[in-house]
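All remarks here apply to the structure that follows.
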Amino acid sequence: MSGFCYFIGKRRRTTMQMFKEQIAQRLAPLVDWEPERVAAALEIPPDAKLGDLAFPCFQLAPKLRKAPPAIATDLANRLEVPAVVAKVEVVGGYLNFFLHPHALAQQVLEAVLEAGDGYGNAQLGAGKTIVIDFSSPNIAKPFGVGHMPTTVLGNSISKLYKALGYNVVRVNHLGDWGTQFGAMIVAYLRWGENDPLTEDPIGKLYRLYVKFHQEEEKEPSLRDEARAWFSRLEAGDPEARKLWQLFYDVSLKNFKRTYDRLGIDFDYYTGESFYVDKIDAALERVKAAGITEVSDGALVVPLGDDLPPCLLQKSDGATLYATRDLAALFYREETFKPERIIYVVALDQSLHFKQLKLVLEKMGLPLADALVHVPFGLVKLPEGKMSTRRGQMVLLDDVLQEATSRVREIIAEKNPELPQREQVAEEVGIGAVIFHNLKNSRMRDIIFDWNEVLNFDGETGPYLQYTHVRCMSVLRKAGRQELALPQDLSGITDEVAQQVLKRLSQFPEIIVKAAESYEPSTMSRYLLDLAQDFNRFYNTCRIIGEVEAVETSRLALVKAVAQVLRRGLDLLGLKAPEQM
RNA sequence: GCGCCUGUAGCUCAGCUGGAUAGAGCAACGGACUUCUAAUCCGUAGGUCAGGGGUUCGAAUCCCUUCAGGCGCGCCA
């Protein structure tokens, strides 16, 4: 995790990184540090008035036995500044660097525009494979807003790693096996009236599911019935299998429609049922390692006093969650040879993954190190936890429906002439919902609030999309195809433009940071900052109709911002319409 | 009881690999559209960074502790 700031540079240096390295090269010998250490110590001052980069001298004080301000002054006098630095100032214990506005503009715009949509990509992961397991819903249940975090986090994380050159395998580990399917069969046989489920299958299955759990309260024997049907299913009973297949087919079809709408796809829809015939071998493998024991009739792996044991087989012989996950781990290792297997699964399952990891460790498998659990908080209702079985949930379809119709209203009001209104409403409405789920640190619980999801002002997806639209609109109206950077860049040397340029230069680092911390919100926040910087520029500076050099340089900046916004939105899984 | 996570402005949150006066958005109030899309921008107001202790030249950030909330802890997934 450490060192991303100066490691990425090995092949293609990022621009903010370039500036840091140029300064570090000259400064390193004076302070007797490695250049990498100096580069890492360089920070961005809280206020641009203080400079563009700063070197704090406090750590040098004990060794040099001098006060930090004196050290800074001394360094300022002895330092031979690189060409990009226009000015060095000493403030307190800080050595502050002001980049040459012209050099900053030129280097950043060249880097961004030349790389095009590849700006920010890296080769950190060349030759390495990552398997990412995300979304993984329980089928035969509707897609609720509670499934959004894993779905959009996983999508974004896999795109971030792809940008870093990794080969990413996206797996949807469908919850398509287990006692719940016994329950579905019982409910369908009792109350399903042999419905072929051709219309509104998910709604019907959902009502059956809720009814089962209501009836189960009054009639606890239903639970045993469900277990029995699941046993029959595992044993290959044709009737059980036929019903299971029906539920599976209609559910998957429905889920795929939702994923299409969200713009998300998977390389494999290999759910738990896929591993049924691989479980015995997995179980044997664990047993052969000699770490299992039988406790109360169940097969377990004891994990010491601090952790509860990992249950592999119930006393009736049936398999469990952990058993199937182990089978999946072995299969994935053999099939994809990944350096990492990432599980984007809610925080409440931390113990499960901790146990899996420990089991692998006890088996002496390096696979233990590859296993990464990326947890996130719960989506809750103001009343408390959501519960599918009690019917306390919000359907994603309802939210998408509300969001897109709200966008449609706004378009009718603000831009009634807009071409392709339907598509834009879809892209913006869904963008709002996705961004809402990626805006904040993933560990926080989300209280579902219609007002927040349907707000399109301020820190929202539509705000970012709107900013992109503004850029595209300017470029369209300028009507210029070729944008060779002029010699004279004085149109973008003022403070607001420079702020935008500095922000653009950070994009590559942001990709790495977001990927390594499995935290797309880092990208979300960055894009909000970029959009805000740009909108400030847009409101301050005229672009079209200025003298040619000014217009051209500003257009280049607009083009670069549009490009980074589009790319950043894509990494989050949002579309960037050209008009809205 | 034990373990994991969270606690920053009225609300939702950034900032947390220690650094300069703690930042946004929403809500409130006041401004900016005959000029590139006002889904925008500018300003005003709003803070014991949950409380206490410690480490440090320096702590919202690291350590300890207390409190509050969420989640989990053997045959569900």
Side-chain angles (χ1 to χ4, degrees), chain A residues 1-5 40-41 43 45-47 50 54 56 58-59 61-62 67-68 91-94 96 136 138 175 177-180 272 295-300 306-316 318 320-322 324-325 345-352 354 375-378 380 384-385 407 410-411 413-415 418 428 432 439-441 443-447 449 451-452 455-460 462-467 469-478 521-522 524-525 528-529 531-532 534-546 554-555 558 579-580:
Chain A
M1 184 107 24
S2 67
F4 68 83
C5 344
E43 54 192 51
D47 187 337
L50 289 165
F58 307 97
Q59 286 180 48
V91 179
Y94 290 92
N96 291 337
S136 310
N138 285 327
W177 206 245
T179 311
Q180 52 173 330
E272 292 183 284
S295 157
D296 293 333
L299 185 72
V300 306
D306 298 332
L307 281 181
C310 180
L311 257 83
L312 296 180
Q313 212 170 14
K314 299 195 236 179
S315 37
D316 69 1
L320 286 149
Y321 190 36
R324 290 169 223 147
D325 258 347
V345 178
L347 177 66
D348 56 11
Q349 288 181 41
S350 295
L351 178 60
H352 167 71
K354 200 184 267 183
F376 54 86
L378 266 61
K380 294 191 284 193
K385 210 176 165 180
V407 173
I410 295 175
I411 289 173
E413 177 196 327
K414 293 181 191 284
N415 197 357
L418 179 69
V428 174
K439 178 170 53 163
N440 294 329
S441 137
M443 293 307 284
R444 282 181 178 278
D445 287 350
I446 299 174
I447 310 287
D449 181 344
N451 288 332
E452 275 188 49
N455 174 32
F456 304 146
D457 298 332
E459 297 174 330
T460 65
Y463 170 69
L464 298 178
Q465 291 169 318
Y466 176 75
T467 307
V469 161
R470 268 188 155 172
C471 293
M472 296 313 285
S473 181
V474 171
L475 293 172
R476 200 167 44 243
K477 293 203 171 158
S521 69
T522 302
S524 307
R525 294 285 159 186
L528 289 170
D529 288 338
Q532 195 167 43
F534 174 78
N535 283 318
R536 204 166 281 151
F537 165 76
Y538 179 92
N539 271 280
T540 318
C541 302
R542 184 88 205 146
I543 300 160
I544 298 172
E546 295 289 311
R554 287 185 179 168
L555 283 173
V558 172
Q579 296 182 60
M580 65 188 268

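The chains referred to below are lettered A, B, ... by the order of the sequence lines, with proteins before strands, and numbering in each begins at 1.
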task: Test for a donor-acceptor pair under 3.5 Å between the base of B:rA39 and the side chain of A:Asn455, counting only N and O atoms.
output: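 Answer is no: no donor-acceptor pair is held.
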Considering only side-chain heavy atoms of A:Lys314, which listed nucleotide, B:rA14, B:rG72, B:rC75, is closest?
->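 Among B:rA14, B:rG72, B:rC75, the one nearest the side chain of A:Lys314 is B:rC75.
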Scan [X] against the nucleic acid and name what it touches under 4.0 Å (heavy atoms): base, sugar-phosphate only, or nothing.
{"X": "A:Gly92", "value": "nothing"}
{"X": "A:Gln579", "value": "base"}
{"X": "A:Ala478", "value": "nothing"}

Examine [N]: is either OP1 or OP2 under 4.0 Å from a nitrogen or oxygen in the side chain of [X]? Give yes or no.
{"X": "A:Ser441", "N": "B:rA14", "answer": "yes"}
{"X": "A:Arg536", "N": "B:rC42", "answer": "yes"}
{"X": "A:Tyr466", "N": "B:rA38", "answer": "yes"}
{"X": "A:Tyr463", "N": "B:rC41", "answer": "yes"}
{"X": "A:Arg554", "N": "B:rC36", "answer": "no"}
{"X": "A:Arg525", "N": "B:rG25", "answer": "no"}
{"X": "A:Arg444", "N": "B:rC5", "answer": "no"}

* Asked: How should the glycosidic conformation of B:rC33 be described, syn or anti, under the criterion that syn lies within 90° of 0?
  ->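 Base orientation: syn.
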**OP:** Could you tell me which nucleotide pairs with B:rG3 by Watson-Crick or G-U wobble geometry, both distances under 3.5 Å, or answer none if nothing does?
**Re:**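 Paired with B:rG3, as far as the under-3.5 Å criterion goes, is B:rC71.
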